[in-house]
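Remarks on the structure that follows.
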Amino acid sequence: LNRDESFPNRKRIVLPPHGSVELVDYYGDDLGVVNAARVSFNKESKWEPGKVLNEKDKGLINYLFKNDHPSPIRHNGFTWRIKAPIFVVREIQKHVIATAMNEVSLRYSEAEEEFYVPDISNVRTQVGKPGAYSYQKLDENDAASGLAYLRESYDASWASYEKLLKLGWAKEQARMVLPVGVYSTIIFSGNANCALNFFALRSAPDAQREIQLYSQAMEDIFRMIMPETYSAWESNGRKKL
Ligand SMILES: Cc1cc2nc3c(=O)[nH]c(=O)nc-3n(C[C@H](O)[C@H](O)[C@H](O)COP(=O)(O)OP(=O)(O)OC[C@H]3O[C@@H](n4cnc5c(N)ncnc54)[C@H](O)[C@@H]3O)c2cc1C
């Protein structure tokens, strides 16, 4: 599969104000899923002209999802470069099984003055009881006042960070004053099973809105690489495998 042809303008999705999701590398495709399943019968399928699957092979992928048979979905790999606020990175980091993650080190490189500020329309208030919270848009005046406090707090943190560095503090200690709204960059890898499990949990309406946007961006890209696998997962209820 020629990567650049398959998603010419969509390889990197920007998530304002400073974030992004980029598929930097991958291997595997829908045919790989089919053939991992067909090896049970010592058989192998081929692409139809136009690099599409025939109806039987599409049906086979659907069968795998319908019958909780995920191992053929694991012979592939996706490597993402994700720039996100630290609180989103921490949520991504919880997905540990069969994944790999590396992160920019603030011991070795200085932080950048890039902080997550939600859009005013996305400032939420939490209502309800533990376990049954819902989120509603906060009144615009309270949202605007809070955004001013947020910026003030970011400015103060950044000023302290710079002062500590100027005093000669090591980066690994100066970073203590940085808030979880500062951006970090990670490389995050896993197979299609990991990706679909991640989407099942993190594109869901009960996930924090900020990580939902990252997950949905990753879904948009994933769908271009493995359209039949994605579509079978969707039509079988977007479940964790
Ligand atoms: C809406 C939401 C709210 C959350 N709130 C919190 C929170 O308040 N605090 C918090 O710490 N985390 C929280 N999490 C993170 C959550 O607990 C999981 O750690 C995270 O979603 C990763 O999911 P996972 O365990 O399926 O992924 P992975 O760790 O990648 O695991 C994949 C699968 O492997 C299996 N598995 C993994 N580990 C084990 C194990 N030790 N034993 C047996 N089977 C295993 C499970 O089937 C699991 O689904 C939240 C997640 C969501 C989606």
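For reference, positions follow the sequence shown, starting with 1. Counting starts at 1 for both ligands and their atoms, in listed order.
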Going by the angle between their ring planes, with limits at 30° and 60°, are W80 and F78 parallel, tilted or perpendicular?
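Rings of W80 and F78: parallel, as their planes differ by under 30°.
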Looking at side-chain heavy atoms only, is the closest gap between M176 and W169 below 4.5 Å?
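Yes - at least one pair of side-chain heavy atoms lies under 4.5 Å apart.
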Under 4.0 Å between a Lys/Arg side-chain N and an Asp/Glu carboxylate O for K58 and E55?
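Yes, this pair counts.
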Cationic N near anionic O, under 4.0 Å, E114 to K83:
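Salt bridge between E114 and K83, a charged N being under 4.0 Å from a carboxylate O: yes.
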If you have a sec, work out which protein heavy atom is nearest atom 17 (O) of ligand 1 and how many Å separate them, to one decimal?
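Answer for atom 17 (O) of ligand 1: K94 CE, 4.6 Å.
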Write out the residue and atom name of the closest protein heavy atom to atom 1 (C) of ligand 1, then the distance separating them to 0.1 Å.
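Here the closest protein heavy atom is D206 O, 3.6 Å.
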Does the protein place any heavy atom closer than 4.0 Å to [atom]?
{"atom": "atom 25 (O) of ligand 1", "result": "no"}
{"atom": "atom 32 (C) of ligand 1", "result": "yes"}
{"atom": "atom 11 (O) of ligand 1", "result": "yes"}
{"atom": "atom 44 (N) of ligand 1", "result": "no"}
{"atom": "atom 3 (C) of ligand 1", "result": "no"}
{"atom": "atom 37 (C) of ligand 1", "result": "yes"}

Return the minimal non-hydrogen interatomic distance between L150 and Y116, and the atom names on each side.
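So the two residues come closest at CD2-O, 4.0 Å.
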Under 4.0 Å, heavy atoms only, figure out whether ligand 1 is touched by the backbone of K240, its side chain, both or neither.
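The part of K240 near ligand 1 is the side chain, not the backbone.
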Give the contacting part of R202 toward ligand 1: side chain, backbone, both or neither, where contact means a heavy-atom distance below 4.0 Å.
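For R202, the contact with ligand 1 is made by the side chain alone.
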Only heavy atoms of L201, strictly under 4.0 Å: list the atoms of ligand 1 that pass.
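Those qualifying, in numeric order: 21 (O), 23 (O), 26 (O), 53 (C).
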Main-chain N/O of F65 paired to N236 side chain as donor or acceptor, under 3.5 Å
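Not confirmed, N236 side chain does not pair with F65 backbone.
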Is K137 atom NZ crowded by more than 12 heavy atoms from other residues, nucleotides or ligands, each under 6.0 Å away?
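Check passes, neighbour count above 12.
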